[in-house]
Amino acid sequence: MPSNTSAWYMNSLPLKFLFLPFKAAYTLFLIVLLIFGSSMLTQNYFGTGNLLEDEIKWSESVGHDAFPGKEVGDTINLQIAKLSYKGLKTVFFDLTLVNESLKAKSEADFGYKFKNYLAPRMKYLQQFDATLKVISLRLGNLALFVGIAAIFAIPVLIDGLVMRAIRQENASRESAGIYHRAKYWRTGIIWLGCMIYMCIPISISPYLLSLPLIAAIWMIFMQAKYLKKYL
């Protein structure tokens, strides 16, 4: 009879809880990497020439509608976009020494040969920089809409828990199937909506983000309503 002692850690509940945050962070990292990589590919190779200009107009319009009292550029979505672009620029241009190499003026300067390699490819480098700006703008809009959705999700969650309490009092039947379907649909809707918005190579209205977010909020209500009656 085969021994299962070597796999004891696989069934250890304390270890599962201990490594759960790391597993979740790793999964999140892979999803973000997939979305970012897909965004870079689709927008670099299929994006239109005025994609950045259109995204700036949409972002300014959304920011003005959400915060009419603030000046253009001071809204939350554009502030997040600026921070995102700063971080992406640091990773792709500063840490890779691209910016430092472009400043080289003679062979004695650091990165002069690398500059000569980049010089004929400046068009692609500028396109890459524009793609980073588009991604940053969309991250700002996404953060704004997710924040607004979270505000609306709180009363919806409370309402769902109230409905669950009513089910408890009325001794209604269990509906674990509905709960689990709502859980999986919520996760799929959120990530699929984010991926489509971040990767699409044409400019679309950020207000379309409200559709998957509304659907995700409804799934949160269904989860709360059909949560197990007795834990």
Side-chain angles (χ1 to χ4, degrees), residues 19-60 62-63 72-147 150 187 190-204 206 209 212:
F19 289 107
L20 184 61
F22 298 99
K23 182 180 178 181
Y26 177 71
T27 304
L28 180 63
F29 170 76
L30 291 179
I31 294 173
V32 171
L33 187 64
L34 175 63
I35 293 176
F36 180 78
S38 302
S39 302
M40 294 298 302
L41 289 174
T42 55
Q43 292 168 25
N44 260 324
Y45 291 101
F46 304 106
T48 57
N50 58 347
L51 179 60
L52 178 57
E53 297 177 5
D54 293 340
E55 287 297 327
I56 292 175
K57 292 178 182 178
W58 276 121
S59 299
E60 291 177 347
V62 168
V72 176
D74 291 336
T75 54
I76 292 178
N77 60 326
L78 290 178
Q79 291 293 332
I80 294 175
K82 290 177 182 177
L83 291 174
S84 300
Y85 175 68
K86 185 177 180 180
L88 293 174
K89 185 179 179 182
T90 299
V91 171
F92 288 100
F93 289 100
D94 293 336
L95 295 181
T96 57
L97 304 178
V98 171
N99 283 338
E100 187 174 352
S101 299
L102 292 176
K103 296 177 183 177
K105 297 181 179 180
S106 64
E107 292 185 3
D109 295 334
F110 175 81
Y112 183 75
K113 292 183 178 179
F114 190 37
K115 177 184 178 180
N116 292 335
Y117 173 79
L118 292 174
R121 300 168 177 82
M122 286 301 297
K123 177 182 177 182
Y124 301 104
L125 202 61
Q126 292 171 353
Q127 185 177 359
F128 182 77
D129 183 56
T131 301
L132 293 181
K133 292 178 180 178
V134 170
I135 291 175
S136 301
L137 289 168
R138 290 184 175 179
L139 280 174
N141 295 332
L142 188 61
L144 175 63
F145 276 87
V146 169
T187 304
I190 291 175
W191 287 115
L192 184 61
C194 291
M195 187 166 186
I196 292 175
Y197 177 67
M198 293 297 298
C199 297
I200 192 167
I202 60 174
S203 182
I204 61 173
L209 285 170

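Below, all heavy atoms of this structure are taken into account, side chains as well, without hydrogens, waters or symmetry copies. In this text the structure is predicted, and so the values were computed from the model without any measurement. Residues take their numbers from the sequence shown, with the count starting at 1.
- Closest approach of Q79 and D74 over heavy atoms only: NE2-CA, 3.6 Å.
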### Task
Give the C-alpha distance, both sets of side-chain angles, the deciding distance and a yes or no for side-chain contact (heavy atoms from CB on, under 4.5 Å) between L144 and I80.
CA-CA 9 Å; L144 175 63; I80 294 175; over 6 Å; no
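- Atom CZ in F145 sits 7.0 Å away from atom CG in N141 (nearest 0.5 Å).
- Across G111 and A104, no two heavy atoms sit closer than the pair C-CB, 4.2 Å.
- With respect to S203, the side-chain contact (heavy atoms from CB on, under 4.5 Å) criterion is satisfied by exactly one of L52, V134, D54: D54.
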### Task
May I have the step-by-step check of side-chain contact (heavy atoms from CB on, under 4.5 Å) for F93 and L125, ending in yes or no?
CA-CA 10 Å; F93 289 100; L125 202 61; 3.9 Å; yes
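- Sorted by first then second residue, the salt bridge (charged side-chain N to carboxylate O under 4.0 Å, His left out) pairs that include residues 127-145, not counting sequence neighbours, are E55-R138, D129-K133.
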#### Entry: Stepwise side-chain contact (heavy atoms from CB on, under 4.5 Å) check, D109 with K103
CA-CA 9 Å; D109 295 334; K103 296 177 183 177; over 6 Å; no
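- Listed by first then second residue, pairs satisfying side-chain hydrogen bond (donor to acceptor under 3.5 Å, both in side chains) with a partner in residues 87-102 read D94-N99, not counting sequence neighbours.
- Atom CG of L137 is separated from atom CG of L142 by 12.5 Å, given to the nearest 0.5 angstrom.
- In this structure, L78 CG and S84 OG are separated by 11.0 Å, a value rounded to the nearest 0.5 Å.
- For L83, there are no side chain to side chain contact (heavy atoms under 4.5 Å, CB included) partners at least two apart in sequence or on another chain.
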#### Entry: side-chain contact (heavy atoms from CB on, under 4.5 Å) between Y117 and R121, worked out
CA-CA 8 Å; Y117 173 79; R121 300 168 177 82; 3.5 Å; yes
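- In summary, the side chains of N77 and S59 do not present any donor paired with an acceptor at a separation below 3.5 Å, with no hydrogens or angles considered.
- Here M198 contributes atom CE and W191 contributes atom CH2; the two are 11.0 Å apart, rounded to the nearest 0.5 Å.
- One distance of note links CG of L51 with OG1 of T131; it measures 7.5 Å at 0.5 Å rounding.
- Considering every non-hydrogen atom in both F92 and V98, the closest pair reads O-CG2, 4.0 Å.
- Residues Y85 and L132 form a side-chain contact, since some pair of their non-hydrogen atoms from C-beta on lies under 4.5 Å apart.
- The minimum heavy-atom distance linking M122 with L102 is given by the pair SD-CD2, 4.2 Å.
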